[in-house]
Enquirer: 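Below is one structure. I have some questions about it.
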Amino acid sequence: MKKIAVVGAGISGLSMANYLEKHKIDYHIYERRKKKDLAGHGFLIPQEGMDYLYQIIDSELLLKHGNFLKKYTKYSHTGKVLAEKNLDHVFAISRHSLISLLAQNITPQKITYEETIIFDDLQNGKLKLSDGTDIDADIAVISDGSRSRIRKHIFKDEMMRVVRESEVVNIIQNKEIANSIENDFMKFHHEDGGLTFGILKLSDDTVLWYSQFDNQKYMINEYSVENLRKYMIEIFENWHPLIPEIIQKSDYKMYIYGMSMNLKNLIHFIKKTQYS
């Protein structure tokens with residue numbers, strides 16, 4: 001039976017590994033980051049995604065770590081309701097929780113962390129370990145994220161483009177705030193544009209919040225935790241009271257700041273490479 005190399009131990013890589021594990025197909029996962037660095041933001045998973053996850057994760061265990069959202073509400077920055085939409089089986093879960101659930105079925109021997117995979121142009125795209133050793137696999141599944149190094153080698157004309165949007169994402173544990181949100185997805189928009197604040201309830205005591213802002217109108221000059229917190233308090237001071245309260249009570253232990261990027265020309269592709 002053929003062996004499969006899975007590049008990337010994020011959500012897609014671990015999901016593929018669980019599928020291979022379930023069907024008793026030999027594989028090995030290679031991840032360039034440390035295991036502790038794989039935690040991060042959260043996910044909204046539609047019914048189709050949940051149907052797949054139920055096949056590889058115990059449903060009761062999965063539902064304990066996330067929350068089905070009932071409604072999406074769009075607000076002005078002061079709290080006026082602008083639009084509402086009922087949500088049908090949309091599940092919210094933190095990246096950390098989902099990765100932990102997916103990893104529990106994978107033995108440690110099946111994952112190599114801190115290993116950067118090299119794409120060898122001189123050998124018809126053969127994948128190698130960082131020390132130059134050939135990977136022992138007949139098929140490779142590439143799931144190393146939006147900034148895929150391997151995709152850059154295969155599709156040299158496809159470029160990542162920085163857009164005029166930065167994002168701060170944070171996950172906090174606060175039962176009082178979580179209880180006040182109910183099972184809703186709330187998003188606040190400034191009337192002048194260029195600034196939003198979203199809130200998702202992940203569980204009975206955990207909330208994910210994120211802010212998206214035009215990085216030319218709203219510039220952060222220094223990215224330390226304290227400076228970011230101070231800046232967020234300043235720009236959201238006069239918004240709906242829930243928002244400055246959440247920002248004030250956030251400890252920023254699980255926050256991410258980054259610029260948004262997307263593929264300049266988004267394409268669907270299948271590329272077959274012969275491994276020998």
Side-chain angles (χ1 to χ4, degrees), residues 4-69 89-117 141-148 167-175 177-178 181 183 185 198-210 225 250-258:
I4 297 177
V6 179
V7 182
I11 301 300
S12 59
L14 289 174
S15 295
M16 173 57 71
N18 273 266
Y19 177 85
L20 298 173
E21 186 76 32
K22 179 179 178 180
H23 293 278
K24 297 180 171 51
I25 300 173
D26 195 14
Y27 67 92
H28 193 88
I29 307 171
Y30 301 91
E31 170 57 55
R32 66 180 176 82
R33 293 171 292 180
K34 298 178 181 178
K35 185 176 181 179
K36 66 178 183 178
D37 294 337
L38 294 171
H41 48 81
F43 288 93
L44 292 180
I45 305 174
Q47 181 64 56
E48 296 84 353
M50 293 301 290
D51 289 342
Y52 175 77
L53 288 176
Y54 289 148
Q55 297 177 43
I56 56 177
I57 300 176
D58 179 83
S59 59
E60 290 187 10
L61 193 58
L62 179 61
L63 298 180
K64 285 180 180 178
H65 287 80
N67 182 50
F68 278 109
L69 302 177
H89 288 89
V90 175
F91 190 70
I93 188 170
S94 72
R95 177 182 171 87
H96 174 75
S97 293
L98 188 51
I99 281 183
S100 297
L101 290 171
L102 290 168
Q104 68 181 2
N105 297 326
I106 312 299
T107 60
Q109 295 78 14
K110 291 279 190 178
I111 307 180
T112 301
Y113 293 100
E114 298 182 72
E115 179 61 74
T116 299
I117 301 305
V141 176
I142 311 303
S143 54
D144 56 342
S146 60
R147 301 188 187 187
S148 169
E167 186 173 53
V168 176
V169 184
N170 198 5
I171 296 176
I172 63 170
Q173 286 190 305
N174 187 302
K175 198 171 184 68
I177 291 176
I181 294 172
N183 294 340
F185 175 11
I199 306 168
L200 300 170
K201 182 175 180 178
L202 299 180
S203 68
D204 290 341
D205 65 352
T206 306
V207 172
L208 179 148
W209 65 257
Y210 68 97
V225 169
S250 298
D251 56 21
Y252 293 83
K253 290 181 179 178
M254 295 181 65
Y255 91 94
I256 298 173
Y257 169 79

Enquirer: Restricting to non-hydrogen atoms, name the atom on Glu167 and the atom on Tyr210 that form the minimum distance, rounded to 0.1 Å.
Expert: OE2-CD1, 3.6 Å

Enquirer: For Thr116, which residues count as a side chain to side chain contact (heavy atoms under 4.5 Å, CB included) partner, sequence neighbours excluded?
Expert: Arg32, Arg149

Enquirer: Do you know the tightest heavy-atom contact between Ile181 and Ile199?
Expert: CD1-CG2, 3.3 Å

Enquirer: Not counting sequence neighbours, which residues clear side-chain hydrogen bond (donor to acceptor under 3.5 Å, both in side chains) with Ser203? List them please.
Expert: Asp205, Thr206

Enquirer: Give a yes or no answer on whether the side chain of Asn18 reaches the backbone of Leu102 with a donor-acceptor pair at less than 3.5 Å.
Expert: yes

Enquirer: Taking all heavy atoms of Ala9 and all of Ile99, pick out the closest pair and write down the distance.
Expert: O-CD1, 4.5 Å

Enquirer: If we count only N and O atoms by modelled type, under 3.5 Å, do the side chains of Ser12 and Ser15 hold a donor and an acceptor together?
Expert: no

Enquirer: Calculate, to the nearest 0.5 Å, the distance between atoms OG and NE2 belonging to Ser94 and His65 respectively.
Expert: 8.5 Å

Enquirer: Going by heavy atoms in the side chains, are Tyr113 and Arg33 under 4.5 Å from each other?
Expert: no

Enquirer: First locate atom CG of Leu20, then atom CD1 of Ile29, and finally report the distance between them rounded to the nearest 0.5 Å.
Expert: 8.5 Å

Enquirer: Do Phe91 and Leu62 have side chains that get closer than 4.5 Å, going by heavy atoms?
Expert: yes

Enquirer: How would you list, by chain and number, every residue that makes a side-chain hydrogen bond (donor to acceptor under 3.5 Å, both in side chains) with Thr112, sequence neighbours excluded?
Expert: His28

Enquirer: Could you measure the distance from the OG atom of Ser250 to the CD1 atom of Ile171? Nearest 0.5 Å is fine.
Expert: 11.0 Å

Enquirer: Looking only at atom types and distance, does a side-chain atom of Ser97 sit under 3.5 Å from a main-chain N or O of Ile93, one as donor and one as acceptor?
Expert: no

Enquirer: Might you work through the side chain to side chain contact (heavy atoms under 4.5 Å, CB included) test for Asn170 and Leu208, ending with a clear yes or no?
Expert: CA-CA 6 Å; Asn170 198 5; Leu208 179 148; over 6 Å; no

Enquirer: Using the rule side chain to side chain contact (heavy atoms under 4.5 Å, CB included), only one of Ile111, Val6, Leu98 pairs with Leu14; which is it?
Expert: Ile111

Enquirer: Take Leu101 and Ile57 through the side chain to side chain contact (heavy atoms under 4.5 Å, CB included) test and state the conclusion after the steps.
Expert: CA-CA 7 Å; Leu101 290 171; Ile57 300 176; 4.0 Å; yes

Enquirer: Listed by chain and number, what are the side-chain hydrogen bond (donor to acceptor under 3.5 Å, both in side chains) partners of Glu115, not counting sequence neighbours?
Expert: Ser130

Enquirer: Please check if any side-chain donor atom of Asp51 sits under 3.5 Å from a side-chain acceptor atom of Gln55, or the reverse.
Expert: no

Enquirer: In terms of ring plane angle, is the pair Phe68 and His89 parallel, tilted or perpendicular, where the classes change at 30° and 60°?
Expert: perpendicular

Enquirer: Check Lys64 with Asp204, please: is the shortest side-chain N to carboxylate O separation under 4.0 Å?
Expert: no

Enquirer: Could you work out, with ring-ring contact (aromatic ring centres under 6.0 Å, His included) as the rule, every residue matching Phe43, not counting sequence neighbours?
Expert: His41

Enquirer: Please examine the side chains of Leu200 and Leu69, heavy atoms only from C-beta on, and report whether any two atoms are closer than 4.5 Å.
Expert: yes

Enquirer: Do Ile142 and Asp144 touch side chain to side chain, with heavy atoms closer than 4.5 Å?
Expert: yes

Enquirer: When rounded to the nearest 0.5 angstrom, what distance separates CG in Asp58 from CD in Gln104?
Expert: 8.5 Å

Enquirer: Considering residues at least two apart in sequence or located in another chain, which fulfil the side chain to side chain contact (heavy atoms under 4.5 Å, CB included) criterion with Ala178?
Expert: Lys201, Val207

Enquirer: Can you give me the closest heavy-atom contact between Ile45 and Met50, atom names plus distance?
Expert: CG2-N, 3.6 Å

Enquirer: Once rounded to the nearest 0.5 Å, what's the spacing between atom OH of Tyr54 and atom CD of Glu60?
Expert: 11.0 Å

Enquirer: Can you find a side-chain donor-acceptor pair between Tyr27 and Glu21 that sits under 3.5 Å?
Expert: yes

